[in-house]
Amino acid sequence: MITAQDIKARWEELQEQGERILFVVGGPGSGKSRLIRELAEQDGWKYMEAKDLLEEEFLEVAHELRPQRAYDELSTSLKAYDAKVALIDGVNVLFAPILNLTPVELLKGISKEYPIIVGWRGRFDGTKLHLEHNNNPEYFSFEVENPQRIIVVE
């Protein structure tokens, strides 16, 4: 059974490798969100929902300008939180087609400026990370470069 301390220990290992993103992966009801919220009790770590990081006016921006605008808004939000580590949950909302985003690239880009731990609803098969969304267990998948960036909650 994975604990918040296990996640923190993995996070510290990754910092020695220069990594600034960790995915906490699990299915619905696995406890990943609870664990991430527990981590928010760490000094300077802040829990936030992905849907709260974009302004309401985001959808008024031209479709082709949304990727850059999303990056700018997430950066601004994370800077305002002034978090030592940002704990971002509910990232499946970033995959809505209407947003016109490439969420994994967005998260990786943000992690170059701000260290983040991401709650990921889905599964890891050893090489690919799969996002579950709208009852589709493989709504989105991508190859994982460094499996140490993944911690699975079951």
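Atoms considered below: every heavy atom in the structure, side chains included; atoms not considered: hydrogens, waters and symmetry mates.
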Exercise. Honestly curious: do M48 and L101 fall in one hydrophobic cluster under the side-chain, below-4.5 Å linking rule?
Worked result: yes

For this session: Go through the steps for L131 and S141 under the test side chain to side chain contact (heavy atoms under 4.5 Å, CB included), then give the verdict.
Result: CA-CA 6 Å; L131 178 77; S141 301; over 6 Å; no

Exercise. Less than 4.0 Å between a side-chain N and a carboxylate O, is that true for K108 and E145?
Worked result: yes

Problem set entry | Polar contact flag, side-chain donor to acceptor under 3.5 angstrom, D89-Y47 | yes

Exercise. Same cluster or not: are L74 and W120 linked, directly or through other Ile, Leu, Val, Met, Phe, Trp or Tyr residues, by side-chain heavy atoms under 4.5 angstrom apart?
Worked result: yes

Problem set entry | Residues E113 and Y71: side-chain donor-acceptor under 3.5 angstrom | yes

Exercise. In Å and rounded to the nearest 0.5 Å, what is the CD to CD1 distance from E73 to I110?
Worked result: 10.5 Å

Exercise. Donor-acceptor pair, K32 side chain versus G27 backbone, under 3.5 Å?
Worked result: yes

Exercise. Going from CD on Q42 to NZ on K84, what distance comes out if it is rounded to the nearest 0.5 angstrom?
Worked result: 9.0 Å

Exercise. So which of I150, V118, V153 actually passes side chain to side chain contact (heavy atoms under 4.5 Å, CB included) with V25?
Worked result: I150

For this session: Could you check whether the rings of F95 and F140 sit parallel, tilted or perpendicular, using 30° and 60° as the cut-offs?
Result: tilted

Problem set entry | Side-chain heavy-atom pair F142, H130 within 4.5 angstrom cut-off | no

Problem set entry | Note, L39 side chain near I7 side chain (heavy atom, < 4.5 Å) | yes

Exercise. For residues Q68 and D72, is any side-chain donor paired with an opposing acceptor at under 3.5 Å?
Worked result: yes

Problem set entry | Whether R66 side chain and V61 backbone form a donor-acceptor pair below 3.5 Å | yes

For this session: Check the pair F58, L99 against side chain to side chain contact (heavy atoms under 4.5 Å, CB included), reporting the backbone distance first and the verdict last.
Result: CA-CA 8 Å; F58 180 79; L99 298 180; 3.6 Å; yes

Problem set entry | Residue of the set R123, H133, K128 for which side-chain hydrogen bond (donor to acceptor under 3.5 Å, both in side chains) holds with E138 | R123

Problem set entry | pair P28-R121: side-chain heavy atoms closer than 4.5 Å | yes

Exercise. How long is the gap from CZ on R69 to CG on L59, to the nearest 0.5 Å?
Worked result: 10.5 Å

For this session: Kindly compute the distance separating NZ (K46) from CG (D82), expressed to the nearest 0.5 Å.
Result: 7.5 Å

For this session: Give, for atom CD1 of I116 and atom CD1 of I88, the distance between the pair rounded to the nearest 0.5 Å.
Result: 4.5 Å

Problem set entry | Cluster overlap L78 with L94, hydrophobic side-chain contacts below 4.5 Å | yes

Problem set entry | P67 vs T102 side-chain heavy atoms within contact, under 4.5 Å | no

